[in-house]
Amino acid sequence: MQIDRLSQFIQDEVPEELHGRAWGLVVDELRRVDTEIERMVEESKVEQQADTDEY
């Protein structure tokens, strides 16, 4: 799993005093991805509704 790999990377490679910032970046990116997925789902619903309305 990518999170496990990322966790290990932060643990092994990132200086301890930067762990908080590193995890903050991870969380920020996960929120962005979550928002993007929600947008894709909504667009899909709109497209499916438009296809249904055409018939």
Side-chain angles (χ1 to χ4, degrees):
M1 175 177 254
Q2 293 294 333
I3 297 294
D4 292 336
R5 187 181 63 78
L6 186 57
S7 177
Q8 192 64 49
F9 176 76
I10 290 172
Q11 184 67 31
D12 294 344
E13 303 293 330
V14 176
E16 190 171 340
E17 64 271 11
L18 296 177
H19 283 191
R21 282 183 64 192
W23 280 112
L25 291 171
V26 171
V27 170
D28 288 347
E29 194 62 20
L30 288 172
R31 286 185 185 127
R32 187 195 64 76
V33 168
D34 186 50
T35 301
E36 182 66 20
I37 291 170
E38 287 175 358
R39 186 188 64 75
M40 287 176 11
V41 168
E42 288 303 316
E43 285 178 0
S44 176
K45 287 179 183 177
V46 168
E47 289 173 5
Q48 288 175 353
Q49 184 62 41
D51 290 344
T52 302
D53 291 346
E54 287 179 4
Y55 296 110

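All residue numbers refer to positions in the sequence shown, counting from 1.
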With ILVMFWY side chains joined below 4.5 Å, transitively, what does V46's cluster contain besides itself? none
Has the side chain of T52 got a donor or acceptor atom that lies under 3.5 Å from a matching backbone atom of Q48? yes
Given the rule that I, L, V, M, F, W and Y join up when any side-chain heavy atoms are under 4.5 Å apart, are F9 and L25 in one cluster? no
In Å, rounded to the nearest 0.5 Å, how long is the span from CG of L30 to CD1 of I3? 5.0 Å
Which side chain to side chain donor-acceptor pair (under 3.5 Å) pairs, counting each pair once, include a residue from residues 33-42, with sequence neighbours left out? E36-R39, R39-E43
Would V14 end up clustered with V26 when hydrophobic side chains under 4.5 Å apart are linked, directly or stepwise? yes
Residue pairs passing the side chain to side chain donor-acceptor pair (under 3.5 Å) test where at least one lies in residues 11-25, sequence neighbours excluded: Q8-D12
Partner set under side-chain hydrogen bond (donor to acceptor under 3.5 Å, both in side chains) for E47, not counting sequence neighbours: none
